[in-house]
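Below: one structure, written as structure tokens.
In each ligand, atom 1 is the first atom listed, and ligand 1 is the first ligand listed. Just so you know, these numbers use all the heavy atoms, side chains as well, and skip hydrogens, waters and symmetry mates.
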Amino acid sequence: MQENEINPWSSENTVTIQRLFTEFGIEPITDVASDLSDIPFFMRRNIVFCHRGYEKIADAITHKKPFNVMTGFMPSGPPHLGHLMVMKEVVWHVKQGGRGFIGIADREAHAVRGLSWAQCEMYGKEYLKCLYALGYEGVVYTQSANHDLQDLAFLASEKVNFSELSAIYGFESETTLAHAISVLHQVADILYPQVAKGPAPTVVPVGIDQDPHIRLTRGIAHKMRLFTIEDRGEYISVRSKNAPEEALSFVHKKFPGSKKYAGHVDIKGSSMELVEQVVRDSELAVGGYAFVTPSATYHHFLPGLNGGKMSSSIPESFIGFTESSKVVYKKVMGAVTGGRQTLAEQKELGGEPDICPVFLLNLFHMIDDDVELHEVRQQCVMGELMCGQCKGDTAARVEAFLADFNSRIDEVSHMVDDVYKR
Ligand code: TRP
């Protein structure tokens, strides 16, 4: 497979943030975050740093309109601290009124990573327990058992061809069809909430590596619409792409005084919002889906303790949720830091918290209080807090977090059995 700019299956993150904004059309989160009355810590701390189409979600939260939050987890290994951010984002959006949807991407794990179904089930349950322990409420399914999802994946596949897949993912003639099919399952995951509950804005919290899937899905959602709506200033033009005649007449009748032509209806004196609503109703009435283009948020990755990516295939890089205090202590104490070569140098120059996996672990998950986090940062920068001390403090925080989290996991673990009841 050729190496693309952003590739969800490569472990390297090669794209600089600036290029995301200028070339890929992703936008910084700051403007839209300030529309929220309760800005979550992950936006305040710039962990979630950019988005596509989040305005719709901020609007839905603010005005208490229906919206969905959906994401998927590939059960290809045990969940670890690197997965916690997405989970917290999902739970936060559910608490803001979003309808939750979690897809366990077992077909993807089976097709792309070669895991057995039994392994997929074992790891899938671990992810779900973590989500429930964090307070998740909502729909949960596995790709392999969700037949509506599979039907949707099939319909979505009618809108994609091989050259598109190779342009986006670098697929070549050797790529298995199962790999391509698993991509379409992810597209279906993202659109599924709107099939289950009707058209509504949907936010998909993901790492930036998943953006190709988001772009593909947004394109497909648009292609599956039966109409396009164009604001022409003087009037709004509702133009059929592949809508049946009755759907066009439906729109025409709803707007007295509108003009109907072959393939389009022109409407004067109505708001865009109303036209959009009527067009959606007309699409639904003839069996269309009327998808709202899905939105996404993108977060930075929590770096691995060894300085690279936090990855379940590199034990010293991650902290698992069920690891013993002894192992946690050893891993944190052995972590790479933003410290200097010598103690003298560190006292003189101070540490570099912004590139330090240990500081970032605190920033992501271990210190909730902004003032306390700021103090740790200051002491580090001033050369007052040495790495040994800081790592010891952090290990203690991680241990306390895990003890609490595991007791919560125990309380909710019975909830996953229903999901896997066949
Ligand atoms: N491909 C994602 C991963 O590798 C998992 C995933 C499957 C997903 N379906 C999804 C993510 C839908 C977001 C939305 O982790």
Discussion item. I'd like to know if the side chain of R99 reaches the main chain of P66, judged simply by a donor and an acceptor atom lying under 3.5 Å from each other, with no hydrogens or angles considered.
Written reply: no
Worksheet item: E108 heavy atoms, cut-off 4.0 Å: which ligand 1 atoms fall inside?
Response: 1 (N), 2 (C), 4 (O), 5 (C), 6 (C), 7 (C)
Response to the item:
Under 4.0 Å from one or more heavy atoms of A105, ligand 1 contributes atoms 7 (C)
Worksheet item: Under the 6.0 Å and 45° cation-pi test, does K56 pair with F67?
Response: no
Worksheet item: Which of the numbered atoms in ligand 1 are below 4.0 angstrom from a heavy atom of V206?
Response: 13 (C)
Discussion item. With a 4.0 Å cut-off on N to O distance, would you call E164 and K223 a salt bridge?
Written reply: yes
Worksheet entry | Numbering as shown, the atoms of ligand 1 that approach V204 to under 4.0 Å (heavy-atom distance) | 13 (C), 14 (C)
Worksheet item: For atom 6 (C) of ligand 1, which of M70, Q186, R107 has the closest heavy atom?
Response: Q186
Worksheet item: Can you check whether H213 has an N/O within less than 3.5 Å of an N/O in ligand 1?
Response: no
Worksheet item: Do the side chain of K125 and the main chain of V416 share a donor and acceptor less than 3.5 angstrom apart?
Response: no
Item to complete: Search all heavy atoms of S34 against all heavy atoms of I39 and return the closest pair with its distance.
Response: CA-CD1, 4.1 Å
Item to complete: Indicate, with yes or no, if the rings of H179 and F171 have centres closer together than 6.0 Å.
Response: yes
Response to the item:
Logged contact type for H185 with ligand 1, heavy-atom cut-off 4.0 Å, is neither
Worksheet item: Considering Q210, R113, Q143, H83, which one's heavy-atom position lies nearest to atom 2 (C) of ligand 1?
Response: Q210
